[in-house]
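In what follows, a single structure is set out as structure tokens and then discussed.
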Amino acid sequence: MESKYTPALFEQKLSSFWESKGFFKGVVEKDKKPFCIILPPPNANADLHLGHAMYVYEDIMIRYHKIIGDNTLWLYGTDHAGIETQFVFEKHLKKEGKSRFDFERNVLFQMIFDFVAQNKNNMKIQLQKLGFGLDYENTKFPMDENIVKIVYATFKKLFDDGLTYRAKKLVNYCVNCGTSFSDLEVDYEEREGTLWSIHYPLRDGNDTITVATTRPETLLGDTAIVVNPKDRRYKKFIGKHAIVPLIGREIQIIADESVDMKFGTGAVKVTPSHDHNDWELGQRHSLLNIQVIGTDGKMTKEAGAYAGLSISKAREAVLLSLKEKGLLGEEKKHMHRVGRCYRCKRVIEPLPKEQWFISIKPLAAKAIDAVKKGEVEIYPKRFKKELIRILDNFIDWNISRQIVWGIQIPAYKCTEMRSNTCREAKGWFVAPEKPSKCPLCQSLLFHQDEDTFDTWFSSGQWPFVTLQTSGSEMYNHFYPTAVMETGHDILRAWVARMLMLGLHVTGKVPFKTIFLHGLVRDKKGQKMSKSKGNVVNPLEVINTYGADVLRASLMFETKEGSDVVLTDEKMIGMRNFGNKLWNIGRFIFMNRSVISKDVSTSVEMTNNKTLEKLKKELEDVKAAYKKNMDGYLFGQVLGDLHAFTWHRFADVYIEELKEKLKLGDSEVQMTLEKAFLECIVMLHPFIPFETEALWQVFKGENESILKQNV
RNA sequence: GAAUCCGUAGUUCAGUUGGUAGAACGUUGCAUUCACAUUGCAAAGGUCACAGGUUCGAGUCCUGUCGGAUUCACCA
């Protein structure tokens, strides 16, 4: 046995050993308690990063439950991550001087498909390096034919249940990415802008009304001016008409309580087509929607003389013309939040667009009910309230994306509309498989919606689509899954949606427990990001210290749900612990073969007392272990085991029993060996490689901790 | 603006029904032909952010203040 534990000598070998034994292969064992975790699918578009290393929580649970004899399944799959992946791929294209517009839809799709296939394999190898006991044989991908089929069925069900609708609404559109985004995909940034005052002449008389705006170019699409009904300054204007400068449109001055009298001039120009608030206002007051900015980021023909200009050029031109006409008032610097595309960082343009939406209210109501009833438990507990709040405030979900890389929406538009049913449905119908004719009017003229689903629409169904495509036996046995473990940052985007869709489609919660982990931070407590240059590459850590050290470092000194600080000091500490553990094992093993010699009775007496004390203390440790493992207090467990094995078992008991052990006292030998093996069994979920290596030293090369029950 | 979390040793953090402040790392001293120097033994180091309150007793419960973080909403 080496005097130091050398991860490189064992980790690779043990990974293959576990795989060859099929320990983690998902097999239904009806007589055992099912314990299933679905891996939050990593995006198949890049290398492993520290966020993926956080899957260690799941591996800990899986290994723990496997050891205590449950029927475990940790189901593996990767995500297509629609926009993310297409964005990454387009960056590759750009390097070659190409763009997505150079390719046909199906060619581009195939290219991305190949790119992803390569990454999927890469990802698998890297996850194995971390020692993750996933079922790598049965892997899932959202674009697998059988998964798409279920996703289509879900959409059809929602459509038939009247929970989807097609509507023209303001969407968050990125003119650079060429697609709309959901509200969750918009980043906001505090920016200094300018607040301009613009005078609008009234139609009758010589008065003017002055509005304040940060977006003068949208004035071309104004369809009203609104003031607060309580505002004395403007009471006399309500109901009158003003003239939109430059374009000469007559618009009405209306009253609405939503206007803040203290802000700007207290009078607001309303452009329903280009601002979320104005859109709402427009709906309330039945205003016209005039779109002056197009999806290409240029002014539309509605913008008259300004048509074809880019947004910023149009702004300059509008300001200049206003100035010339003496209609431009004061300019003020103004801090405001600007929505930006979370991918390309370009300013998000609110634009009216016809899209598919899901009515959330009825879905959310079921989910809230389930959470309140405790059908889903949430750790840490404080997120329960937050989850309910999230579900309560969920607005209708825009699921259409104008990108190629995704699951194409199985909605068809009949262009002929020969029957009344067809006309009532505005020609839209949903079919799981491409039909030969319009089921509403039998017309042969129809086409499929070009748009693809929002990634979260398919990943929101992940727990049941992955199990259903694994066979009904698997689904019946393992669904609902035991635990959904993920970061609290995607509680809204993912967890809430899985709950809603899972409940609606299967009638059951998709998981019984939600366990949320925190973020990994650096020494200074900052988030890790490429731009800050403080990113820790898990693969480098594995090369330097081994996977066990990385895993233990992510777990040591953490509290459930709080952020993890990963520092070199901690990793060195964990490496030292690994070394200590190795040497405890080595010392006990070395003395195992010492032949028993006569030991004086007086010493025997004290030893017996010590042995009894050790046994008693170990029983306490085991009891606390079970309690805390079942309570998801993994940081606590590792801390306790660290303290016990090192500072009690080694520093106190082995030191006290050292002489007897060397003399070959068989009772001491046996007790220490038994206690040590129990320690490494408990440590195994945290430090799988080293504990397995030690186990094999004692039990033989073909043995495994995973095969025995405690 | 609202909600949630946090403020404890030089540093990172534990402290689960309220009962004498803990660990790791770092620092300092000592030990060494010993399974392990990636070691062992020991020491120093804290007005538990601040101010009130409840209590026999508060790091822990309540209120407020200050400081930090996150999330949500709004910003014409």
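The figures here come from the full heavy-atom set of this structure, side chains too, leaving out hydrogens, waters and symmetry mates. We name chains A, B, ... by the order of the sequence lines, and we start the count at 1 in each one.
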Quantified in whole Å, what is the P atom distance between nucleotide B:G59 and nucleotide B:U16? 13 Å
Under the 3.5 angstrom rule, does the side chain of A:H49 hit a backbone N or O of A:G51 as a donor-acceptor pair? yes
Considering only the C1' atoms, how many Å lie between B:C72 and B:A44, rounded to the nearest integer? 47 Å
Atom CD of A:E655 and atom P of B:A35 are separated, to the nearest Å, by 10 Å
Looking only at atom P, what distance separates B:G46 and B:U11, rounded to whole Å? 12 Å
Among B:C72, B:G40, B:C36, which is the nearest nucleotide to the side chain of A:R492? B:C72
Between B:U12 and B:U71 - C1' atom distance, rounded Å: 25 Å
Tell me the interatomic distance from A:K570, atom NZ, to B:A14, atom P, rounded to whole angstroms. 10 Å
Gap in Å between the two P atoms, one belonging to B:G10 and one to B:U38, rounded: 28 Å
Pick base, sugar-phosphate or nothing for A:V259, based on heavy-atom distances below 4.0 Å to the nucleic acid. base
May I ask you to check whether A:Y306 and A:S321 show a side-chain donor-acceptor distance below 3.5 Å? yes
Look at the side chain of A:H642 and decide which nucleotide, out of B:A24, B:A35, B:U16, has an atom nearest to it. B:A24
Would you mind telling me which residue lines up with the more 5' stretch of RNA chain B, A:L195 or A:R575, judged by nearest nucleotide? A:R575
How far, in whole Å, is B:A21 from B:G15 if one measures between their C1' atoms? 9 Å
For A:T213, report the nucleic acid contact type (base, sugar-phosphate, nothing); a contact means any heavy atom under 4.0 Å. sugar-phosphate
NA contact type, A:W646, heavy-atom cut-off 4.0 Å: base, sugar-phosphate, or nothing? sugar-phosphate
B:U8 and B:A51, which share atom name P, separated by this distance in whole Å: 15 Å
Short side-chain N/O contact to B:A35 OP1/OP2 from A:K4, under 4.0 Å: no
Hey, does the side chain of A:K580 come within less than 4.0 Å of B:A35's phosphate (OP1/OP2), counting only N and O? no
Does a side-chain N or O of A:K627 approach OP1 or OP2 of B:U16 to a distance below 4.0 Å, or not? no
Measure the shortest side-chain to side-chain distance between A:F587 and A:K658 over non-hydrogen atoms and say whether it is less than 4.5 angstrom. yes
N/O (side chain, A:H647) to phosphate O (OP1/OP2, B:A24) under 4.0 Å: yes
Is there a donor-acceptor contact under 3.5 Å linking the side chains of A:Y234 and A:N228? no
Sticking with atom P, work out how far B:G53 lies from B:G57, rounded to a whole angstrom. 12 Å
Establish, for the pair A:K169 and A:F357, whether the NZ or CZ atom is under 6.0 angstrom from the six-membered ring centre and no further than 45 degrees off its axis. yes
Considering only B:C36, B:C41, B:U38, which nucleotide approaches the side chain of A:D651 most closely? B:C41
CD1 of A:I490 versus C1' of B:C72: gap in Å, rounded? 18 Å
Using the closest heavy atom to pick a nucleotide of RNA chain B for each, name whichever of A:W196 or A:R586 lands nearer the 5' end. A:R586
For A:F698 and A:F589, take the angle between the two ring planes, folded into 0 to 90°, and tell me which bin it lands in: parallel under 30, tilted 30 to 60, perpendicular over 60. perpendicular
Nucleotide nearest A:F587 (side chain, heavy atoms from C-beta), chosen from B:C5, B:A35, B:U38: B:A35
